[in-house]
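Below: the structure, in structure tokens.
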Amino acid sequence: MTEPRVRTEIEGPIAYVWLNRPDKLNGIELDMLQGLLDAAAAIKRNRDVRVVILQGAGESFCAGLDFAAAGKKPSRVVRFFVPNPFRGTNLFQQALWTWRELPVPVIAVTRGHVFGGGFQLAVAADFRFTTPDCQWSILEAKWGLVPDMSGTVPLSELVPADVAKRLVMTGEVFSGQQAADHGLATGVADDPMKPAMELVDALVARSPDSVSASKKLLNRSRRGGLRGAFGRERRYQLRMFRSPNTKVARKAGMTKTEPNFGPRRFR
């Protein structure tokens, strides 16, 4: 039986997701893109999932698009490239952007390579933990291309304009430590899973509705005007007032006990 290109395991409130082509350094091809879409959709439907750990099987996170594998099905590549007129993204973009849109935090844990499409997937996550010697690059410049899998939006939010232009225009390879210095990595450690799990513990200690609403609020506020941002603050707060999980958080805070939250209601 063929191994799935994207593998998901649910353990309590945590969804562990692996890119699963370790023999190809998790190079992206069309089945992997479809696997990313399917995995994200399944996680979105599961109200008990509170946080996602996204990583690569084997020694690398992702070495970018596997041109040779993707090019074997040119008609399918064309279908993936045509944008959805209602959504505004094509499937190359949506397979990565969908992790940005998930109603739960996504933490990318990277080792080995974070190249090209892998870089764009990593920055679609909410947090990134990496090893100091992990190699990062927006590698499209090497092939005379531009990043076109949704990565320019989060990149422009994470780093200053001159840094973004330099990385995109040159395709230079830089270390995990430099990624942190640029503001691309949340943290650096020889074992990046350790700080990732520390953050998981902090996130699952809070109301799943509050965490979900906070992600959506901050993501949308970055791209909109002040009137829209203030309006979303008011609307989302009203929804928090009505959430059973808010009552749980309030009671735990007042009694200094551990909260026992129910499934996420916010979406």
Side-chain angles (χ1 to χ4, degrees), residues 1-64 66 69 91 94-114 117-131 134 185-187 189-209 211-212 215 245 260-267:
M1 185 174 178
T2 304
E3 279 282 310
R5 295 303 197 207
V6 177
R7 182 164 57 92
T8 303
E9 293 182 9
I10 308 293
E11 294 185 10
I14 309 170
Y16 293 92
V17 180
W18 288 268
L19 306 181
N20 196 28
R21 292 185 77 208
D23 57 321
K24 300 294 184 181
L25 301 179
N26 297 312
I28 297 171
E29 36 77 270
L30 302 183
D31 287 341
M32 181 177 284
L33 291 174
Q34 188 61 56
L36 285 167
L37 287 165
D38 294 343
I43 290 169
K44 185 175 182 179
R45 291 192 298 269
N46 189 333
R47 296 300 186 95
D48 293 322
V49 171
R50 306 273 298 278
V51 64
V52 177
I53 297 287
L54 180 61
Q55 56 195 311
E59 298 180 355
S60 280
F61 179 70
C62 178
D66 185 338
L91 289 178
Q94 188 61 27
L96 277 58
W97 189 252
T98 189
W99 299 90
R100 167 79 171 241
E101 294 182 320
L102 274 185
V104 296
V106 179
I107 303 172
V109 177
T110 75
R111 298 177 177 83
H113 305 85
V114 185
F119 179 102
Q120 295 179 77
L121 177 59
V123 295
D126 301 290
F127 309 95
R128 288 151 295 282
F129 293 94
T130 188
T131 61
C134 182
T186 309
D190 292 332
D191 179 7
M193 186 61 77
K194 183 176 179 180
M197 293 306 298
E198 290 172 353
L199 178 56
V200 167
D201 290 342
L203 291 169
V204 299
R206 301 305 180 199
S207 163
D209 295 320
V211 170
S212 179
K215 173 174 175 172
N245 282 315
N260 184 19
F261 295 114
R264 171 179 51 82
R265 292 172 176 261
F266 188 90
R267 55 183 302 170

Just wondering, more than 12 heavy atoms not from E101 lying within 6.0 Å of its CD?
-> yes

What heavy-atom pair brings M193 and Q55 nearest, and what distance separates the two atoms?
-> CE-OE1, 3.4 Å

Full working for side chain to side chain contact (heavy atoms under 4.5 Å, CB included) between V104 and R264 = CA-CA 9 Å; V104 296; R264 171 179 51 82; 3.7 Å; yes

With distance as the sole test, does S60 use its side chain to make a donor-acceptor pair with the main-chain N or O of C62 at under 3.5 Å?
-> no

Between P103 and R267, the two heavy atoms sitting closest are CB-CA, 4.5 Å

For N245 and G262, work out which heavy atoms get closest and say how close.
-> OD1-N, 2.8 Å

More than 12 heavy atoms from other groups under 6.0 Å of CZ on R206 = no

I28 side chain reached by L36 side chain, heavy atoms, under 4.5 Å = no

Please indicate whether D23 has more than 12 foreign heavy atoms, meaning atoms of other residues, nucleotides or ligands, lying under 6.0 Å from its CG.
-> yes

P263 backbone acceptor or donor facing D48 side chain under 3.5 Å = no

To the nearest 0.5 Å, what is the distance between CZ (F119) and OG1 (T110)?
-> 10.5 Å

Is the backbone N or O of A185 less than 3.5 Å from a side-chain atom of T130, with the two atoms forming a donor-acceptor pair by type?
-> no

Within-4.5 Å side-chain heavy-atom neighbours: F61 and H113 = no

Any donor and acceptor pair, going by atom type alone, linking the side chain of R128 with main-chain N or O of T186 inside 3.5 Å?
-> no

Side-chain (K215) to main-chain (L102) donor-acceptor, under 3.5 angstrom | yes

Would you find a donor on one side and an acceptor on the other, under 3.5 Å apart, between the side chain of R5 and the backbone of L30?
-> no

Are W99 and V17 close enough that some pair of their side-chain heavy atoms sits under 4.5 Å apart?
-> yes

So, the side chain of D209 versus the backbone of R265: is there a donor-acceptor pair under 3.5 Å, distance only?
-> yes

Where is the tightest heavy-atom contact between F266 and S212, given as atom of each residue plus distance?
-> CD2-OG, 3.2 Å

Donor-acceptor pair, E29 side chain versus M32 backbone, under 3.5 Å?
-> yes

Donor-acceptor pair, side chain of T131 and main chain of C134, under 3.5 angstrom | yes

Salt-bridge present (K24, D66; N to O < 4.0 Å) | no

Between atom CD1 of I53 and atom CH2 of W18, what is the distance when rounded to the nearest 0.5 Å?
-> 10.0 Å

Check T8 against A39 and note the closest heavy-atom contact, atom names and distance.
-> OG1-CB, 3.7 Å

Are any non-hydrogen side-chain atoms of I43 and N46 less than 4.5 angstrom apart?
-> no

From L91 atom CG to Q34 atom CD, the distance as rounded to the nearest 0.5 Å | 7.0 Å

Partners of R7 by side chain to side chain donor-acceptor pair (under 3.5 Å), sequence neighbours excluded?
-> E9

What one should report as the nearest heavy-atom pair of P4 and N20 is O-ND2, 2.8 Å

Verify the neighbour count for atom CG of D201: are there more than 12 heavy atoms of other residues, nucleotides or ligands below 6.0 Å?
-> yes

If you round to the nearest 0.5 Å, how far is CG of L203 from CD of E198?
-> 12.0 Å

Going by heavy atoms in the side chains, are L54 and I107 under 4.5 Å from each other?
-> no

Check ion pair D191-R111 (N to O, under 4.0 angstrom) = yes

Side-chain touch L96/L33, heavy atoms, less than 4.5 angstrom = yes

Is it true that a side-chain atom of N26 and a backbone atom of A57 form a donor plus acceptor pair closer than 3.5 Å?
-> yes

Considering only heavy atoms from C-beta outward, does the side chain of V6 approach that of D38 to under 4.5 Å?
-> no

